[in-house]
Peer 1: 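Mind having a look at this structure? Questions to follow.
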Amino acid sequence: QVQLVESGGGLVQAGGSLRLSCVASGRTFSNYAMAWFRQAPGKEREFVAGVRRSGVGTYYADSVKGRFTISRDNAKNTVYLQMNSLKPEDTAVYYCAADEGWGIPRRPADFGSWGQGTQVTVSS
């Protein structure tokens, strides 16, 4: 498995922006599709965005489409989530995840490696 460490979370007002980063180590980063999930208190973990191994090909949940952008830098073993126009309902712990497949899975059970999570809180 690849080891993942997220950073960049914090407290922001509604309408603001944050950029999350996730650094991978231990395996060849470009062999993994990467995704961001989030989990709010009392709710199930949900898919937010995913990117293919090469970085060409992304997929977004409807709730974040047009506001969030996922990208990756394979030379830096890092995946990013740029979050703009944040809303209070975006408040959650955000996790990055890695999968060795060629597509972009959407279910948590499809991912074998997870980071520890980073808290994002959006105030109204």
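Numbers for residues simply follow the sequence, beginning at 1. Worth knowing before you read on, the calculation uses all heavy atoms, side chains too, and leaves out hydrogens, waters and symmetry mates.
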Peer 1: Listed by chain and number, what are the ring pair (Phe, Tyr, Trp, His ring centres under 6.0 Å) partners of Tyr94, not counting sequence neighbours?
Peer 2: none

Peer 1: Does any non-hydrogen side-chain atom of Tyr60 lie less than 4.5 Å from one of Ile70?
Peer 2: yes

Peer 1: Could you pull out all residues at least two apart from Thr91 that satisfy side chain to side chain contact (heavy atoms under 4.5 Å, CB included)?
Peer 2: Gln119, Thr121, Val122

Peer 1: Output yes when a side-chain donor or acceptor of Ser113 lies under 3.5 Å from a complementary backbone atom of Ala98, and no otherwise.
Peer 2: no

Peer 1: Considering only residues two or more places apart or on different chains, which pairs with a residue in residues 72-97 satisfy salt bridge (charged side-chain N to carboxylate O under 4.0 Å, His left out)?
Peer 2: Arg38-Asp90, Arg67-Asp90

Peer 1: Suppose we screen for side chain to side chain contact (heavy atoms under 4.5 Å, CB included). Which residues come up paired with Lys43, at least two apart in sequence or across chains?
Peer 2: Ala40

Peer 1: Would you mind listing every disulfide (SG to SG under 2.5 Å) that reaches into residues 32-84, with sequence neighbours excluded?
Peer 2: none

Peer 1: Which pairs pass disulfide (SG to SG under 2.5 Å) with one or both residues in residues 33-82, sequence neighbours excluded?
Peer 2: none

Peer 1: What I'd like to find out is whether the side chain of Gln3 reaches to under 4.5 Å of the side chain of Trp114, using heavy atoms alone.
Peer 2: no

Peer 1: Is there a donor-acceptor pair under 3.5 Å between the side chain of Glu6 and the backbone N or O of Thr118?
Peer 2: no

Peer 1: If a pair satisfies salt bridge (charged side-chain N to carboxylate O under 4.0 Å, His left out) and one of its residues is in residues 110-124, list it, with sequence neighbours excluded.
Peer 2: Arg107-Asp110

Peer 1: Sequence neighbours left out, what pairs pass disulfide (SG to SG under 2.5 Å) with at least one residue falling in residues 36-84?
Peer 2: none

Peer 1: Return all side-chain donor-acceptor pairs below 3.5 angstrom for residues 12-36, not counting sequence neighbours, or 'none' if the list is empty.
Peer 2:
{"from": "Ser17", "atom 1": "OG", "to": "Asn84", "atom 2": "OD1", "distance (Å)": "2.9"}
{"from": "Trp36", "atom 1": "NE1", "to": "Tyr80", "atom 2": "O", "distance (Å)": "3.4"}

Peer 1: Looking only at heavy atoms, what is the nearest atom pair of Ala49 and Leu81, with distance?
Peer 2: CB-CD1, 4.2 Å

Peer 1: Walk me through it: do Ile104 and Phe47 pass the test side chain to side chain contact (heavy atoms under 4.5 Å, CB included)?
Peer 2: CA-CA 11 Å; Ile104 305 177; Phe47 175 86; 4.2 Å; yes

Peer 1: Restricting to side chain to side chain contact (heavy atoms under 4.5 Å, CB included), what partner residues turn up for Glu44, sequence neighbours left out?
Peer 2: none

Peer 1: Report yes or no: does Gln82 contribute a side-chain atom to a donor-acceptor pair with the main-chain N or O of Phe68 at less than 3.5 Å?
Peer 2: no

Peer 1: According to the side-chain hydrogen bond (donor to acceptor under 3.5 Å, both in side chains) rule, which pairs have a member within residues 50-59, sequence neighbours left out?
Peer 2: none

